[in-house]
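Worth saying up front: this structure is predicted, and the values here are computed from it rather than measured.
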Amino acid sequence: MPEGHTLHRLASALDRAYAGTAPVVTSPQGRFVEGAALLSGRLVEGAEAWGKQLFVTFEGDRILSVHLGLIGVFELSRYAGGLGCEPPPVGAVRVRLLNQFHVADLRGATVCDVVSPEQLDAIVARLGPDPLRAGQLGNDPERAWSRIARSGRSFAELLMDQSVLAGVGNVYRCEVLFRHRVDPFRPGREIRPATWRAIWQDLVDLMPIGVAFGQIITLDEQLDAARALLAEGDPAAYAVSWQGGLEGESRRVRRPAYESASPFERSYAVYKRTGEPCPTCGSRVRTQVVAGRNLF
DNA sequence: GTTTAATGGGTAT
DNA sequence: TACCCCTTAAACT
């Protein structure tokens, strides 16, 4: 379940697995048969993410455009044995990319289309700056600030608006508001410029760590440990493609490669901690549904 | 066996 | 603000 870090991690994993190869593209579920036919057998030029949008570019200006939505999963795994020996699709697999060593199965996405470069540009043009593309041309955080500074909408709402800021979802939103002690309901126009700059910089620091470990990490102790691991070495060590069930568990736990096994327990300051004590002051974390999403 | 929740977002009202 | 779509697995009966 995806925020921007998931999509960027997925894009680079797909890029490594498929760029320069011509995968067989199918739709075992049957709902993307025509699109699959447009792509199958063509050389993959690359994969990239913008915010929560994923694009896989095939030769001939045909681009697979995917948005995972709330529940979508693009499960990438390596298999041994070559074509014809791949694992059978399980569940509602809308798209399967298959080459000699890799299978990627897409399930539950809200968007899955073949688009042109012009359509890709139009999708990207609707997005605000992406903290995972910090420093890149045309990805200026001032664009987000100009929207925030003149908006009467709540800051919490603005952080989730992909046309203001691309890639942040509910977890990063809740956690970053907590980290900077910002009232979620304060209107954008009452946010101080220094507050916005600090939050943008924090996301620029935090989100690549999320990409490296395949997990949103926002607690300071975990961040310190994560930075130490990254400093001493090999983020690829965490790019494990399968996570088996724990010893004694009856059910096998499978995770997509881009989510990977992480050495960190999933733990947040406020997200999904309703009723539990604040890590700083001990008061109870409260929840309020804002436009259909749980704000903590 | 059925219901619900989930890190999203588009469209209608 | 409501409702719709996508799919799965955990949490309920």
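Taking the P atom of each, B/dT13 and C/dC5 are spaced 15 Å apart, rounded to whole Å. Distance noted for atom C1' between C/dC6 and B/dG1: 23 Å (whole Å). Nucleotides B/dG10 and C/dT8 have their C1' atoms positioned 22 Å apart, rounded to a whole Å.
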Extract all donor-acceptor atom pairs below 3.5 Å that involve side chains of residues 34-41 of chain A and protein atoms in other chains or at least two apart in sequence.
| residue | atom | partner | partner atom | Å |
| --- | --- | --- | --- | --- |
| A/S40 | OG | A/V25 | N | 3.0 |

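Rounded to whole angstrom, the span from the NZ atom of A/K52 across to the C1' atom of C/dC6 amounts to 16 Å. Rounded to a whole Å, the CG atom of A/L54 is 14 Å from the P atom of B/dG9. If you measure from atom CE of A/M160 to atom P of B/dA6, you get 12 Å, rounded to the nearest angstrom. Distance A/I123 CD1 to B/dG9 C1': 13 Å, rounded to the nearest Å. Look at CZ on A/R126: it is 12 Å from P on B/dG9, rounded to the nearest Å. Between A/Q29 atom CD and C/dC5 atom C1' the separation is 13 Å, expressed in whole Å. Summarising the geometry, the separation between CZ on A/F296 and C1' on B/dA6 is reported as 11 Å, rounded to the nearest angstrom. Distance CD1 (A/I71) to C1' (C/dC5): 8 Å, rounded to an integer number of Å.
Listed pair A/N294 / B/dA5 fails the phosphate criterion, with no side-chain N or O lying under 4.0 Å from OP1 or OP2. Contact annotation: A/Q162 side-chain N/O to B/dG8 OP1/OP2 distance is not under 4.0 Å. Residue A/R107 has a polar side-chain atom (N or O) positioned under 4.0 Å from OP1 or OP2 of C/dT8. Residue A/K272 places none of its side-chain N or O atoms closer than 4.0 Å to OP1 or OP2 of B/dA5. Contact annotation: A/R293 reaches the phosphate of B/dG8 (side-chain N/O to OP1 or OP2, under 4.0 Å).
Across all strands shown, A/R94 has heavy atoms under 4.0 Å from sugar-phosphate atoms exclusively, and none from any base. Across all strands shown, A/G169 has heavy atoms under 4.0 Å from sugar-phosphate atoms exclusively, and none from any base.
Taking Ile, Leu, Val, Met, Phe, Trp and Tyr as members and joining any whose side-chain heavy atoms lie under 4.5 Å apart, directly or through other members, A/L219 forms no hydrophobic cluster with any other residue.
Relative to the ring axis of A/F101, A/R78 places its NZ or CZ within 45° and under 6.0 Å from the centre.
Remark: aromatic rings of A/F213 and A/H5 are distant, center separation not under 6.0 Å.
The side chain of A/N170 sits closest to B/dG8 out of C/dT8, B/dG8, B/dA6.
Ionic pairing of A/R107 and A/E75 is present here: one or more N-O contacts between side-chain nitrogen and carboxylate oxygen are shorter than 4.0 angstrom.
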